[in-house]
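Input: a single structure, listed below in structure tokens.
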Amino acid sequence: MVYGEFFHRTRSDDEVVKLNVGGFKQCVAQRTLQRFPHTRLGKLLNCHSEEAILELCDDYNVADKEYYFDRNPSLFIYILNFYYTGKLHVMEELCVFSFCQEIEYWGINELFIDNCCSNKYQEKKEIIAERNWDDKSDVISMGSSSDQSSVFEKELELFDSQKFGEVRKKIWVRLENPAFSLSAKIFAISSLSVVLTSIVAMCIHSMPEFHKFDNNDRELEDPVLEVVEIICIVWFTSELVVRLAAAPSQKKFWKNPMNIIDFVSIIPFYATLVVDTKDEENEDIENMGKVVQILRLMRIFRILKLARHSVGLRSLGATLRHSYHEVGLLLLFLAVGISIFSVLVYYLEKDDELSPLENIPTCWWWATISMTTVGYGDTHPVTLYGKMVGSVCIICGILVVALPITIIFNKFSKYYQKQKAIDVDGCNEEEPKDTFNDLPYFNIRDIYARRMNSFISSLSSVGIIASNDSTDASSIQEMDDSYN
């Protein structure tokens, strides 16, 4: 039979189609496959060219009228049962993902799954989707840590081609990796202590008991707190200068947010120092009093320096950086709710003279503190309908805030656990090297040979072994030399 006869001949409904799926051979009547013409096997019967057939099957034999499919034969049994019964059935032991791919290949819709198996199939599919989402979140959450590790390794390679590279490399590793050695841990603890001391001194400086003024009502610094401030600034400045001098790349150094925080935290002190050293009678300088106060308030940025030594703060930053979709969704929900409830409560409260909600901006403030369940109590509705709207606003606020917060919390938990694991691995990274380097090395065979040589030599000296004996000390030495 030639190809033209095979492609253009008329086929009867009782004619049998031979299928070979992964070695599993089955003969199926054409009328059975024609019940579902939109499936792969149904379309195969309507092909009139070689190219059309090869688009639907992997190979075919014209003489035997047999179609070949490189698919899983165990799953094809369920596909074949579908053509006979018109329903799909999913066994408990089947992989839902593989089964979904298989029915998609054969062109069968999931809607044909029978009711007895549909619920279990959908439940398993949802579980797989949740696991895939978790795996994707794990990959994203590890992206930050793995990228940081690779960047750090590349930075260390840059020292090989730089001046004083070895010295700068040792300093840089100890500054950036507190788990590298004991000296690095001591430096990290000292830096953390100075940051905490600076924060405590800033808090004490705000207390009225430490406020002193001169005759011109100008505020004077407390001598003790001033000394503490100078010591902390000297430490911060020295640390920043050392980091900058040891950094492998000056450009990348200033792109690091932690280094920018270090720089911003010392600017207020030097800016205030420059202003205070000018002529006090200068009118322009006197007008800069508020600027000086703002500069002093900028000392609050020193709190952010704790992120360099805190796993929790670093995890929080990484979570917010990779959860901007969820954070944006949370802000969008809140913005919509605040806008709706503020307008509603305004039109319900505007006619009451006792109500503090007399304009929409004030209602915005009320809706914000109500939806976030803060509730300061400074503004509140006084009418019955206003209180009903307020109750609905609070309930909606709880629901709106709870939905995205769960996702953000899960990401934070994963980031924190992985960051802790990375820090533990960093602490244990150098221990095996030090342990094995300190172990002494002994060659047991050499020690045994030397002991035996000395023992046999002592026997020869007392005449126990004859001089013409073939097992004297020299012969044993020659045997050992040849063995070695």
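In this chain, numbering begins with 1 at the start of the sequence shown. No experiment lies behind these values; they were computed from the predicted model shown.
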- Query: Just by distance, do the side chain of Glu349 and the backbone of Glu358 share a donor-acceptor pair under 3.5 Å?
  - Reply: no
- Item | Residues, nucleotides or ligands: over 12 heavy atoms within 6.0 Å of Tyr347 OH | no
- Drop me the distance from Cys363's SG to Ile338's CD1, to the nearest 0.5 angstrom. 12.0 Å
- Do you know the tightest heavy-atom contact between Asp262 and Leu240? CB-CD1, 4.1 Å
- Do the side chains of Arg40 and Phe69 get nearer than 4.5 Å, heavy atoms only? yes
- Message: Does either side chain, that of Trp366 or that of Asp378, offer a donor lying less than 3.5 Å from an acceptor on the other one?
- Response: no
- Give, for atom OG of Ser198 and atom CD1 of Ile266, the distance between the pair rounded to the nearest 0.5 Å. 11.5 Å
- Is it true that Glu102 and Arg71 make a salt bridge, defined as a side-chain N closer than 4.0 Å to a carboxylate O? yes
- Query: With distance as the sole test, does Ser355 use its side chain to make a donor-acceptor pair with the main-chain N or O of Asp351 at under 3.5 Å?
  - Reply: no
- Query: Stepwise, does the ring pair (Phe, Tyr, Trp, His ring centres under 6.0 Å) test hold for Trp235 with Phe187?
  - Reply: CA-CA 11 Å; Trp235 176 275; Phe187 177 81; 5.7 Å; yes
- Are there more than 12 heavy atoms of other residues, nucleotides or ligands under 6.0 Å from atom OH of Tyr385? no
- Are the side chain of Arg243 and the backbone of Asn259 linked by a donor-acceptor contact shorter than 3.5 Å? no
- Message: Contact between Ile108 and Ile79 at the side-chain level, heavy atoms closer than 4.5 Å - yes or no?
- Response: yes
- Looking only at atom types and distance, does a side-chain atom of Ser193 sit under 3.5 Å from a main-chain N or O of Ile189, one as donor and one as acceptor? yes
- Task: Could you tell me whether a side-chain N or O of Asp58 sits under 3.5 Å from a main-chain N or O of Asp70, the two making a donor and an acceptor?
- Result: yes
- Item | Close side-chain approach of Glu50 to Tyr60, heavy-atom, < 4.5 Å | yes
- Any donor and acceptor pair, going by atom type alone, linking the side chain of Asn359 with main-chain N or O of Thr362 inside 3.5 Å? yes
- Item | Trp106 and Thr39 side chains, donor-acceptor separation under 3.5 Å | no
- Item | Which atom of Gly42 lies closest to which atom of Tyr83, heavy atoms considered | N-OH, 4.4 Å
- Item | Any side-chain heavy-atom pair of Leu88 and Asp114 under 4.5 Å | no
- Would you name the heavy atoms of Arg174 and Ala184 that are closest together and state the gap between them? O-CB, 3.5 Å
- Query: Hey, does Phe236 have a side-chain heavy atom less than 4.5 Å from the side chain of Ser191?
  - Reply: no
- Message: Please check if the number of heavy atoms outside Tyr68 that lie under 6.0 Å from its OH is greater than 12.
- Response: yes
- Query: So with a 6.0 Å cut-off around CD of Glu104, is the heavy-atom count from everything else above 12?
  - Reply: no
- Note, Met91 side chain near Tyr78 side chain (heavy atom, < 4.5 Å): yes
- Task: Flag the pair Thr368 / Val374 as yes when at least one side-chain heavy-atom distance between them is below 4.5 Å, and no otherwise.
- Result: no
- For Lys120, look at atom NZ and say whether over 12 heavy atoms of other residues, nucleotides or ligands are found less than 6.0 Å away. no
- Message: Could you check whether any side-chain heavy atom of Val194 comes within less than 4.5 Å of a side-chain heavy atom of Ser190, counting everything from C-beta outward?
- Response: no
- Item | Closest approach of Pro73 to Val21 (non-hydrogen atoms, all atoms of both residues) | CB-O, 3.4 Å
